[in-house]
Amino acid sequence: MLRILTAALTALMLTALPAAAQQLSLNTLSNYLNSIQSAESPFTQINSDGSISTGKILIKRPGKVRFEYNPPEQALVLAWSGAVYVFDRKVGGQPETYPLNQTPLSIILDRNVNLAQAGMVTGHHYDGTATIVTAQDPTRPEYGSIQMKFTGNPVELRQWVIRDGNGSTTTVVLGGLEKTSLPNSVFDVNRVR
C-alpha cells in the first residue's frame with residue numbers, strides 16, 4: 001500500500017512539474033513589467049562588436065533609465081524627459097541625444113506596457129527555461145526590436161537584446177532586478193557633471 005501511495009505521489013509530482021515551467025502569457029509579462037516602478041540591478045552588456053561592459057542599471061518607470069558603467073568604461077547613459085543621452089566622460093562635451101520613442105527600450109519604459117497590443121509582438125516562445133518575447137513599436141518597426149527573456153515562478157526579466165534600426169545588436173544580461181525607491185534626480189540630465 002505504501003509503495004502504491006509513493007508511486008502515485010511521485011507520478012502526481014512529475015506531472016505537476018511541467019505546469020510550473022511553461023510559456024508565460026503576454027498579459028502576465030505586461031502585468032509584471034507594469035509592476036516595476038523603480039528597480040536596480042547589476043548588468044553585463046555584450047556590444048555588437050563583441051566587447052563586454054559591466055555596471056549597474058537603475059530603472060524608474062515611466063521613461064527613466066540610467067546605465068552606470070564600471071571602469072575602464074567612462075560612459076553614462078540616461079533616459080530622461082523623452083530622450084536618451086549618451087555621455088562619454090573620456091571625451092567630455094555635449095552628450096549624443098536620441099528620442100526615447102525611437103529606441104526599442106521605450107517599450108519596457110512606457111507608462112503602460114501592453115505586449116498584447118496588435119502588431120507589437122513578433123515572437124513569443126518558451127525555450128525550455130525561459131519565455132522569450134520579441135517586440136517592436138507597431139507604428140515604427142524601422143526603429144528596431146527588443147527581445148526579452150523572462151523566467152517564471154516568480155516572473156523576472158533576465159535579459160534583453162536590442163536590435164536597432166541598422167541591425168546592430170546589444171545584449172544586456174541582468175543580475176537580478178531589485179525593486180527599490182529611486183529619486184528622479186538620479187536620472188536628471190541637468191545634474192550630470
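In what follows, every heavy atom counts, from backbone to side chain, and hydrogens, waters and symmetry copies are set aside.
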- Compute the centroid of each ring, for Y69 and then for F43, and state whether the two points are separated by less than 6.0 Å.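 Ring centroids of Y69 and F43 are less than 6.0 Å from each other.
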
Distance from [X] atom [atom1] to [Y] atom [atom2], nearest 0.5 Å?
{"X": "T139", "Y": "M120", "atom1": "OG1", "atom2": "CE", "answer": "8.5 Å"}
{"X": "T171", "Y": "I52", "atom1": "OG1", "atom2": "CD1", "answer": "10.0 Å"}
{"X": "Q159", "Y": "K149", "atom1": "CD", "atom2": "NZ", "answer": "5.0 Å"}
{"X": "E156", "Y": "Y32", "atom1": "CD", "atom2": "OH", "answer": "5.5 Å"}
{"X": "L24", "Y": "F150", "atom1": "CG", "atom2": "CZ", "answer": "8.5 Å"}
{"X": "R66", "Y": "L78", "atom1": "CZ", "atom2": "CG", "answer": "5.5 Å"}

No-hydrogen, no-angle side-chain donor-acceptor test under 3.5 Å, S51 and D49: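 A pair is found: one side chain offers a donor N or O, the other an acceptor, under 3.5 Å apart.
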
Exercise. Take R191 and S185, measure what side-chain hydrogen bond (donor to acceptor under 3.5 Å, both in side chains) needs, and give me the verdict at the end.
Key: CA-CA 7 Å; R191 294 178 177 240; S185 60; 4.5 Å; no

Nearest atoms (heavy-atom pairs only) where [X] meets [Y]:
{"X": "Y143", "Y": "N101", "value": "CD1-O, 3.8 Å"}
{"X": "L182", "Y": "A39", "value": "CD1-O, 3.7 Å"}
{"X": "S106", "Y": "T103", "value": "OG-O, 2.8 Å"}
{"X": "I146", "Y": "I107", "value": "CG2-CD1, 3.9 Å"}
{"X": "F67", "Y": "L76", "value": "O-CD1, 3.4 Å"}
{"X": "D110", "Y": "R61", "value": "O-NH2, 2.5 Å"}

**Asked** Going through the checks in order, is the side-chain contact (heavy atoms from CB on, under 4.5 Å) test met by L115 and M148?
**Response** CA-CA 11 Å; L115 295 173; M148 299 165 282; 4.1 Å; yes

Exercise for the section: Begin with the C-alpha distance, continue with both residues' side-chain angles, and end with the deciding distance and a verdict on side-chain contact (heavy atoms from CB on, under 4.5 Å) for N34 and N112. Expected result: CA-CA 6 Å; N34 287 323; N112 182 28; 3.3 Å; yes

Query raised in the report: Is the closest side-chain heavy-atom distance between S38 and K64 below 4.5 Å?
Result: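 A side-chain contact under 4.5 Å is absent here.
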
Under a 4.5 Å cut-off applied to non-hydrogen side-chain atoms, are Q147 and R163 in contact?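 A side-chain contact is absent here, since even the closest heavy-atom pair is not under 4.5 Å.
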
Main-chain N/O of [Y] paired with [X] side-chain donor or acceptor, under 3.5 Å:
{"X": "N166", "Y": "S168", "result": "no"}
{"X": "Q23", "Y": "Y126", "result": "yes"}
{"X": "T44", "Y": "T54", "result": "no"}

- Item | L109 with F187, same ILVMFWY side-chain cluster at under 4.5 Å |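 No: no chain of side-chain contacts under 4.5 Å links L109 to F187.
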
Q: Starting from the C-alpha separation in whole Å, work towards a yes-or-no answer on side-chain contact (heavy atoms from CB on, under 4.5 Å) for I59 and L177.
A: CA-CA 9 Å; I59 298 171; L177 274 177; 4.2 Å; yes

Within a radius of less than 6.0 Å around CD of E142, do more than 12 heavy atoms belonging to other residues, nucleotides or ligands occur?
->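 Above 12, so yes.
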
- Task: Could you walk me through whether N47 and S53 pass side-chain contact (heavy atoms from CB on, under 4.5 Å), step by step?
- Result: CA-CA 8 Å; N47 303 304; S53 306; 3.5 Å; yes

